[in-house]
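As the structure is a prediction and not an experimental result, all values here were calculated from the model. Computation of the quantities below employed the complete heavy-atom set of this structure, encompassing side-chain atoms and omitting hydrogens, waters and symmetry-equivalent molecules.
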Amino acid sequence: MSMNIADSQQVIERNIAMELVRVTEAAALAAARYLGRGDKNLVDQTAVAAMRHVLGHVSMDGIVVIGEGEKDQAPMLYVDERIGDGSTPQVDIAVDPIDGTALVARGLPGAIAVVALSERGTMHCPTQFFYMNKIVTGPEAKDSIDINAPVAENLRRIAAAKNRKISEIAVVVLDRPRHEQLLSEIRAAGARVKLISDGDVAAAVEAALPDREIDVLMGIGGVPEGVLSAAAIRCIGGGIQGKAWARSEDERKAAVAAGVDVDKVYRTEDLVDSDQVFFAATGVSTGELLKGVRYFRGGAQTHSVAMRSRSGTVRWVDSWHNFGKLDKLDFFETH
C-alpha cells in the first residue's frame with residue numbers, strides 16, 4: 001500500500017515526537033553519573049551508548065547526518081549510520097549526545113543532551129569547514145539580522161524589533177580568544193554580554209525562545225552545532241544566519257580550490273529544509289535552558305524540552321525515572 005504525504009506526517013508525529021525525549025533522557029541520565037569527575041571521554045562514551053540504545057528502538061528508518069564523526073573514528077552514531085527499527089518514516093538524524101562534555105567533566109552548569117530529526121534529505125551540514133560564524137535571535141527580530149552587517153547595526157536592528165534600548169539587549173558569546181574583537185564591538189555598542197565556556201546549542205535555543213534573558217547569540221562555533229540549532233529554530237520560529245569561518249588561510253584556500261563559496265550565508269532553511277522537524281534536549285547539569293539530572297534513592301528526575309516545527313509546539317517535560325524498572329538498560333548502571 002502506498003503512503004501519501006499526510007499519512008507520512010501522521011507517522012512522524014505519532015511515533016517520534018516524544019520518543020526523542022526518551023532518547024535525550026537516556027543520554028543525560030547516563031552522562032550525569034560522571035558530573036565533575038574530570039573525564040570528558042567517559043562522559044561522551046556513556047551518553048553515546050545510551051542514546052544509540054534508545055534510538056535503535058524508535059520506529060523509523062534513520063540516517064545519522066550529524067554524529068560522532070566518520071565510521072573509522074566513531075564506533076557508534078557515526079555519520080551515515082543507519083538507526084531505528086527500519087520502518088517508516090525515512091528521516092535524517094542529528095545528535096550531540098552531550099553539548100558541553102567539558103561542562104559535565106568539570107561539574108559546571110549548562111550541559112544538555114540533544115537530538116534533532118527531519119524528513120530524509122532535508123538536513124544539510126556544510127562539511128568543508130569545522131567552524132561557522134553565527135548570529136541567532138528569536139521570532140521578533142529574525143527578519144532584522146544580517147551577518148554581513150556590522151555588529152552595532154545588528155544590535156540596533158534587534159533592539160528596534162524588540163522595542164527596547166540597546167542597553168537592554170543581552171548577547172551570549174562563547175568565551176574564546178577569537179572573540180576579542182567581537183566583544184569589543186558589542187560593548188562599544190552598549191549591549192550587555194553573557195560569556196559561556198561551552199554549549200552553544202543551548203545558548204542558541206535560549207536566544208531564540210521568547211521572553212528569555214538572552215536576546216541574541218553571536219560568534220564562532222561548530223558547524224554541526226549550527227545545524228542542530230537551526231532544527232530548534234525551525235520549531236521556535238526564530239532565525240539563524242551563518243558563514244563558514246576558516247581556522248587558517250590554508251583551510252580557506254583549500255575550500256576555494258574545491259569550489260566552495262566561502263562567502264555564502266547559510267540561513268535557517270539552508271541548514272534544515274523541512275517543516276517536519278523535531279528537536280529534543282534534556283539537561284545534564286543545571287543551566288539557563290534546562291535543569292540538570294537530580295538523583296534520588298532508586299531513581300532520578302530529568303527536565304527536557306520537545307519541539308515540533310509544523311505546529312510550533314514547545315513542550316517542557318519534567319520526568320521521574322524509577323531505576324528498579326529500568327535496570328534492564330545497562331547504561332544506567334553505576335561504574
Under a 4.5 Å cut-off applied to non-hydrogen side-chain atoms, are [X] and [Y] in contact?
X	Y	answer
Met51	Val95	yes
Ile135	Ile240	no
Val284	Leu35	no
Val205	Phe279	yes
Arg156	Ile166	yes
Asp61	Val91	no
Leu182	Val151	yes
Val172	Asp200	no

Within this structure, what is the [atom1]-[atom2] distance for the pair [X] and [Y], rounded to the nearest 0.5 Å?
X	Y	atom1	atom2	value
Arg178	Asn133	CZ	CG	9.5 Å
Ile220	Tyr131	CD1	OH	9.5 Å
Lys134	Ile145	NZ	CD1	13.0 Å
Ile158	Ile169	CD1	CD1	7.0 Å
Asp275	Ser311	CG	OG	10.5 Å
Glu19	Ser59	CD	OG	7.0 Å

If every non-hydrogen atom of [X] is compared with every non-hydrogen atom of [Y], which pair is closest and at what distance?
X	Y	value
Leu289	Trp316	O-CZ3, 3.8 Å
Ala28	Gly283	CB-O, 3.7 Å
Pro97	Leu77	CG-CD1, 4.3 Å
Ala113	Ile98	CB-CD1, 4.4 Å
Val277	Ala231	CG1-O, 3.6 Å

Run the salt-bridge test on [X] and [Y] with the 4.0 Å N-O cut-off and return the result as yes or no.
X	Y	answer
Arg52	Glu81	yes
Arg22	Glu25	no
Lys165	Glu168	no

Task: Whether Gln301 side chain and Val293 backbone form a donor-acceptor pair below 3.5 Å - done: no

TODO: Give a yes or no answer on whether the side chain of Thr122 reaches the backbone of Val272 with a donor-acceptor pair at less than 3.5 Å.
DONE: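 Checking the backbone N and O of Val272 against the side chain of Thr122, no donor-acceptor pair under 3.5 Å is found.
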
So if you build clusters from Ile, Leu, Val, Met, Phe, Trp, Tyr with side-chain heavy-atom gaps below 4.5 Å, do [X] and [Y] land together?
X	Y	answer
Leu155	Leu183	yes
Ile93	Val227	no
Ile66	Val223	yes
Leu20	Val48	yes
Val64	Met123	no

Task: Hydrophobic cluster of Trp320, others only, ordered by chain and residue number, side-chain cut-off 4.5 Å - done: Phe296

Task: Cluster companions of Leu108 among Ile, Leu, Val, Met, Phe, Trp, Tyr (side-chain spacing under 4.5 Å) - done: Leu103

Does atom [atom1] of [X] have more than 12 heavy-atom neighbours, drawn from other residues, nucleotides or ligands, at distances under 6.0 Å?
X	atom1	answer
Asn148	CG	yes
Arg192	CZ	yes
Arg315	CZ	no

With sequence neighbours left out, which residue pairs that include part of [range] fulfil the salt bridge (Lys or Arg N to Asp or Glu O under 4.0 Å) condition?
range	result
residues 140-149	Glu140-Lys162
residues 229-252	Arg247-Glu251
residues 204-214	Glu206-Arg212
residues 284-295	Lys194-Glu288

Task: With Asp92, the side chain to side chain contact (heavy atoms under 4.5 Å, CB included) member among Ser118, Cys125, Ser274 - done: Ser118

Open item on the list: Out of the candidates Val314, Val317, Val21, only one should pair with Val305 under the side chain to side chain contact (heavy atoms under 4.5 Å, CB included) rule; please name it.
Closed with: Val314

Open item on the list: For Asp44, give me all partners under salt bridge (charged side-chain N to carboxylate O under 4.0 Å, His left out), at least two apart in sequence or on another chain.
Closed with: none

Task: salt bridge (charged side-chain N to carboxylate O under 4.0 Å, His left out) partners of Arg164, counting only residues at least two apart - done: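 Residues passing salt bridge (charged side-chain N to carboxylate O under 4.0 Å, His left out) with Arg164: Asp215.
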
Task: Stepwise side chain to side chain contact (heavy atoms under 4.5 Å, CB included) test for Thr24 and Val114 - done: CA-CA 6 Å; Thr24 55; Val114 186; 5.5 Å; no

Ignoring hydrogens and angles, write down the donor-acceptor pairs under 3.5 Å from the side chains of residues 255-267, residues two or more places apart or on other chains.
{"residue": "Asp261", "atom": "OD1", "partner": "Asp263", "partner atom": "N", "Å": "3.1"}
{"residue": "Asp261", "atom": "OD1", "partner": "Lys264", "partner atom": "N", "Å": "3.4"}

TODO: Using the test side-chain hydrogen bond (donor to acceptor under 3.5 Å, both in side chains), find all partners of Asp80 that sit at least two apart in sequence or belong to another chain.
DONE: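 Result, side-chain hydrogen bond (donor to acceptor under 3.5 Å, both in side chains) vs Asp80: none returned.
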
Task: Under the ring-ring contact (aromatic ring centres under 6.0 Å, His included) test, residues paired with Phe129 that sit two or more places apart - done: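 Testing Phe129 for ring-ring contact (aromatic ring centres under 6.0 Å, His included), a comparison that skips the adjacent residues, returns none.
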
Task: ring-ring contact (aromatic ring centres under 6.0 Å, His included) contacts touching residues 174-222 (sequence neighbours left out) - done: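 Residue pairs with at least one partner in residues 174-222: there are none.
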
TODO: Start with the C-alpha gap between Val173 and Ile196, add the side-chain angles, then the distance that decides, and say whether side chain to side chain contact (heavy atoms under 4.5 Å, CB included) holds.
DONE: CA-CA 6 Å; Val173 181; Ile196 56 172; over 6 Å; no

Task: Verdict with reasoning, Ile112 to Thr282, per side chain to side chain contact (heavy atoms under 4.5 Å, CB included) - done: CA-CA 5 Å; Ile112 62 174; Thr282 299; over 6 Å; no

Task: Evaluation steps, salt bridge (Lys or Arg N to Asp or Glu O under 4.0 Å), between Asp198 and Arg176 - done: CA-CA 10 Å; Asp198 288 284; Arg176 300 287 188 272; 3.1 Å; yes

Task: Derivation of the side chain to side chain contact (heavy atoms under 4.5 Å, CB included) call for Arg308 and Phe278 - done: CA-CA 5 Å; Arg308 181 193 179 207; Phe278 298 88; 3.4 Å; yes

